[in-house]
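If you're wondering where the values come from, they're calculated on a predicted model, not measured in any experiment. Proteins get letters first, then strands, A, B, ... in listed order; numbering begins at 1 in each.
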Amino acid sequence: MPPSGERRNENGVCVTEQQGRDAEGYDFRAIQERWLPVWDELKPFEVEGLGTGRPRKYVLDMFPYPSGDLHMGHAEAFCFGDVLARYWRGRGYDVLHPIGWDSFGLPAENAAIKRGVDPREWTYANIAQQKASFRLYAPSFDWSRVLHTSDPEYYRWNQWLFLKMYEKGLAYRKASWVNWDPVDQTVLANEQVLADGTSERSGALVVKKKLTQWYFRITDYADRLLDDLDRLEGAWPAKVLNMQRNWIGRSRGAEVEFEIEGREEKVPVFTTRPDTLFGATFMVVAPDSDLAAELASGASPEVRMQFQDYLAQTQKQTEIERQSTEREKTGMFLDHFAVNPVNGERIPVWASDYVLADYGHGAIMAVPAHDQRDLDFALKFELPVRVVVDVRDEDGAALPDPAESGVATSGDGALVNSGELDGLPKAEAIAKAIELLETRGTGRATTTYRLRDWLISRQRYWGTPIPILHGEDGEMKPVDPASLPVELPASEGLDLKPKGSSPLGAATEWATVEDPETGRTWTRDPDTMDTFVDSSWYYLRFLSANDDTQAFDPELVNAWGPIDQYAGGVEHAILHLLYSRFITKVLHDLGYLDFDEPFTALLNQGMVLQDGAKMSKSKGNLVEFASELSAHGADALRVTLAFAGPPEDDIDWADVSVQGSAKFLARAWRIADDIEHGGAPVGVSFDGGDTALRRATHHLLADAPGLVEAYKFNVVVARLMEQVNVTRKAIDSGAGIADPAVRESAEAISMILSLFAPYAAEDMWAKLGHEPTVALAEWPAAIPELLVQDEVTMVVQVDGKVRDKITVPASITAEEAEALARASRGMQRAVRDRQIVNVIVRAPKIVSIATKPA
RNA sequence: CCCCCCAUAGCCCAAUUGGCAGAGGCAGCCGACUUAAAAUCGGUAGAGUCUGGGUUCGAGUCCCAGUGGGGGGACCA
């Protein structure tokens, strides 16, 4: 007898009666209200110390910045991170999945200034709101170890880190040309300036200023930061690895010292092609370099004037103009000559803006025959071009003379016109040239990097104060670590408006420190740290979030770290990820960490778009997280995001259907609801259950882990939909509701669905007679016997076309398969009287036959 | 200019890693329910894989050359 509340329609198909026994049907609001208090009580995701002894996984999402409520981007990122955290729990791991807030920084400060309130007020109100939204969205966070970087208990350790860096000589102050954001009125690190010369935060065009600032010596780690990327191959997105490699920009070559007539000191230049030294026919220096100014000042009045004009012209250009590759070369002769150290040749020295002052030494040796830029310049100003590498094309023919063709030859070939280097191929010539330079003391092998040291001081209020004291005589001393934190002064009475110098400097009482022993007066460093310092090590603090004796417990950190799975946006491909890698290596070298890479695996989610464009209030295409959440519920939202496509791809909200997800959840839920009213009892043996359904269930159990681990969440959801479909069919027109296989399938659905839809899955789990929570239920293993097919379909191909399909035992031998294929009607019809020339057998999948005309 | 990624049904996307192009969803169409519609439920049709070569018995998958799109770097010596 069918369970009450169901009846058959005209086609004999059993349909569920909506108005029947469960008047509510699937009601996401009721389900959310039912389970939230239970989870609050159970705290199922809290872990303590080293865990329970099961294997450990540390799964982390990049922590949010508290500007307003959560948005759709957060919804997506935290959905994916949570899928992975819940997955590893289901696989029997202790999972650490914490959450915190990156709560220092300019947006809070700017918003607070605009509203005339304390940044603390604005920041912590937003955090409270995001926490409430998270609770409803239900990522499986351990709420017992929350941190906020703006808490003194956190930034105290940020200062501790700074002092460690200072102690090791990795934090230093220097005067240099820096990036200045005229809107936010603070300096920026190179990483915070976009390719078009604008600030990644304010969007303002960044200008250069000469200032004394604090730096972290990240360039000391350039080689390791680059080389260790190889270990992340396959575990990090190729795109991020590529971006970091480009950013570090290692370039191997040689430093060559050129004598300049009338100048004491030699001038070093960097080249990647020391083999072409004999082809250097002139030298070029950057017009904005000290050397150019010096050489011009020693020249005739005409040259001096010409130089002033040229320099002014260079400095007037915007970054965009300067970078235009198609630009015609400009420059001027500086009325000086240099001497080529390998052959004593006298070559003219020019100034041109195609040479950059801040790369290498701001001067180059120009080899026009083998460098396009030098050739363009040489042709424009009629400078000599000398071929020193005999480059050939594929057929061994000599390439045309660059002076004639206008095309520099940069390939490999035998050296010519190059003294001792003659006849050598490029690689050997490079080695020999370096050897020559070294023995003569006029050069050496060297490496340059695009990466610059990390500028970490900021002239703003809402950040970690730099724990350094300045004496009147310019002496510096670190704050005593025992007296940390150096707390921010109250904002009351301070003018926080950006004005080019730190507001902290104006807090006279705070800034002035008297040494009780010596009576000497010191002034606190007025700057605060770049907030990327805060986030460079926060993942370690989660292990000891409530520990007021140390930044982190090395034992806990080494047990749980490094992060097994990190998830976040690709906008941090360089910034946060590079800084974190650097600080991790430093802490490793200081003996605190066993590991020297922080993030073993990285998942970058795409963006959530609307109608093909980034969502924004001004465009009027904003999809509000809060309204989606209240309209459709957390589950439907999460399923929609997971199902939309591969997680790395952008999601266009116009392409997806939250209603479709809700429909699927209702279908899944109804299966458990049906079982509750007439299904096999909880604990029943599944052995006698319907074999076809059991096969489907166990294929799902077998495939799901690989799919989740490959981030194919969309496929897992599709497989769940499929499983719901076959289970529905089994209930309505197959094995029937009471079959144990139906319960087995529903339990598997509930467990796997819990990664995406924790509420619906929990409700299903309860309806199936289990205690909460499904989040801690371990997935059953797939039974191998249910995975192997006794019979499979074998395809018979003739000349690449499918001509027949035969059902064969899965264990068929190659001989049997070939015999069956040859005997098949489809094959005989296709072959007729043609001659068989080749037979390939891949039992039991396929037999492929190649023929030719008889 | 250099490097990386992508291109499958009207749309979003699968395809056991070289073996029958289709798992799932959206939109569509048909049917059930309804006085009717929406919602819901059931059922269906629909591409030969961006283009051109190549390797192979066999290519969406591998190789080469393009086209289109996305991203990064860039007068970096």
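OP1 or OP2 of B:C41 sits under 4.0 Å from a side-chain N or O of A:Arg670. The side chain of A:Ser251 contributes an N or O atom lying less than 4.0 Å from OP1 or OP2 of B:A77.
When the nucleotides B:G24, B:G73, B:A77 are ranked by their closest atom to the side chain of A:Asn246, B:G73 comes out on top. Between B:G43, B:C4, B:G24, one nucleotide has an atom nearer to the side chain of A:Ala238 than all others, and that is B:C4. When the nucleotides B:G58, B:G73, B:A77 are ranked by their closest atom to the side chain of A:Trp247, B:G73 comes out on top. Closest contact between the side chain of A:Arg373 and the listed nucleotides B:G24, B:C76, B:G42 involves B:C76. Residue A:Ser657 has its side chain nearest to B:C26 when only B:C75, B:C26, B:C57 are considered. Side-chain proximity of A:Met721 to B:G24, B:A77, B:C20: nearest is B:G24.
Rounded to whole Å, the distance from CZ on A:Arg842 to C1' on B:U16 is 16 Å. Counting to the nearest Å, the P atom of B:A77 and the NE2 atom of A:His370 are 17 Å from each other. Atom-to-atom, CG of A:Asn604 to C1' of B:G71 comes out at 12 Å; the value is rounded to the nearest Å. Atom CG of A:Asp358 and atom P of B:A77 are 13 Å apart (whole Å). Between the NZ atom of A:Lys663 and the P atom of B:A38 there is a distance of 13 Å, rounded to whole Å. When the C1' atom of B:G24 is taken as reference, atom CZ of A:Phe713 falls 17 Å away, rounded to whole Å. The distance from atom CD of A:Gln659 to atom C1' of B:U40 is 14 Å, rounded to the nearest whole Å. Atom pair A:Leu375:CG and B:A77:P shows a separation of 17 Å (rounding to whole Å applied).
A:Ala366 and A:Tyr354 make their closest contact through CB-OH, 4.4 Å (heavy atoms, listed as atom of the first residue, atom of the second, distance). Summarising the geometry of A:Ser352 relative to A:Tyr310, their closest heavy-atom pair is CA-OH, 3.5 Å, with the distance given to 0.1 Å. In terms of heavy atoms, A:Val267 sits closest to A:Ile260 at CG2-CD1, 3.5 Å.
Separation of the C1' atoms belonging to B:U8 and B:U51 is 15 Å when rounded to the nearest angstrom. Comparing the C1' positions of B:G48 and B:A59 gives an interatomic distance of 13 Å, to the nearest angstrom. Taking the C1' atoms as reference points, B:G73 lies 34 Å from B:A14, given to the whole Å. Going from the C1' atom of B:A45 to that of B:A36 covers 28 Å, rounded to whole Å. Comparing B:U61 with B:A15, their C1' atoms are spaced 10 Å from each other, to the whole Å. Taking atom P in both B:A38 and B:C11, one finds a spacing of 26 Å when rounded to whole Å. Separation of the P atoms belonging to B:C29 and B:G70 is 34 Å when rounded to the nearest angstrom. Nucleotides B:G46 and B:C4 are separated by 35 Å at their C1' atoms, to the nearest Å.
At the heavy-atom level, A:Thr793 lies under 4.0 Å from base atoms of the strands shown. When heavy atoms are screened at a 4.0 angstrom cut-off, A:Glu722 is found touching the sugar-phosphate backbone but no base atom. Base contact: A:Val355 has a heavy atom under 4.0 Å from a base atom. Backbone-only contact: A:Arg667 has heavy atoms under 4.0 Å from sugar-phosphate atoms and none from a base.
Using a 4.5 Å heavy-atom cutoff, the side chains of A:Thr219 and A:Tyr449 are not in contact. The side-chain heavy atoms of A:Val256 and A:Thr442, taken from C-beta on, include no pair separated by under 4.5 Å. The shortest side-chain heavy-atom distance between A:Lys329 and A:Arg373 falls under the 4.5 Å cut-off.
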Exercise for review: Could you please spell out the steps behind the salt bridge (charged side-chain N to carboxylate O under 4.0 Å, His left out) verdict for A:Arg728 and A:Asp674?
Suggested key: CA-CA 10 Å; A:Arg728 184 80 257 164; A:Asp674 287 355; 2.7 Å; yes
Practice item. Take A:Arg250 and A:Asp223 through the salt bridge (charged side-chain N to carboxylate O under 4.0 Å, His left out) test and state the conclusion after the steps. Key: CA-CA 8 Å; A:Arg250 179 165 63 196; A:Asp223 277 321; 2.5 Å; yes
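Side-chain rings of A:Phe381 and A:Phe282 stay apart, their centers remaining 6.0 Å or farther from each other.
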**Study point:** Base-contact (B) and sugar-phosphate-only (S) positions in nucleotides 7-14 of chain B, heavy-atom cut-off under 4.0 Å, - elsewhere
**Key:** ----SSSS
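The base-pairing partner of B:A21, taking Watson-Crick or G-U wobble contacts with both distances under 3.5 Å, does not exist among the strands shown. Summarising the base pairing, B:G48 is matched to no nucleotide, lacking a Watson-Crick or G-U wobble pair whose two defining distances lie under 3.5 Å. Pairing for B:C1 goes to B:G73, judged as Watson-Crick or G-U wobble with the two contacts each under 3.5 Å. Shown here, B:U16 forms no base pair; nothing in the strands shown gives a Watson-Crick or G-U wobble contact with both key distances under 3.5 Å. Across all strands shown, B:G42 forms a Watson-Crick or G-U wobble pair, both distances under 3.5 Å, with B:C30. Remark: B:A36 base-pairs with no nucleotide; criterion is Watson-Crick or G-U wobble with both hydrogen-bond distances under 3.5 Å.
Along RNA chain B, the nucleotide nearest to A:Ile846 and the one nearest to A:Ile849 differ in position, and the one closer to the 5' end is contacted by A:Ile846. Checking A:Lys805 against A:Ile840, the closest nucleotide of RNA chain B that is more toward the 5' end is the one next to A:Lys805.
The base of B:C57 lies close enough to the side chain of A:Ser848 for a donor and an acceptor atom to sit less than 3.5 Å apart. Looking at A:Lys329, its side chain comes within 3.5 Å of the base of B:C75 through a donor and an acceptor atom.
Side-chain contact check for A:His370 and A:Ser410: no donor-acceptor pair (N or O, by modelled atom type) lies under 3.5 Å.
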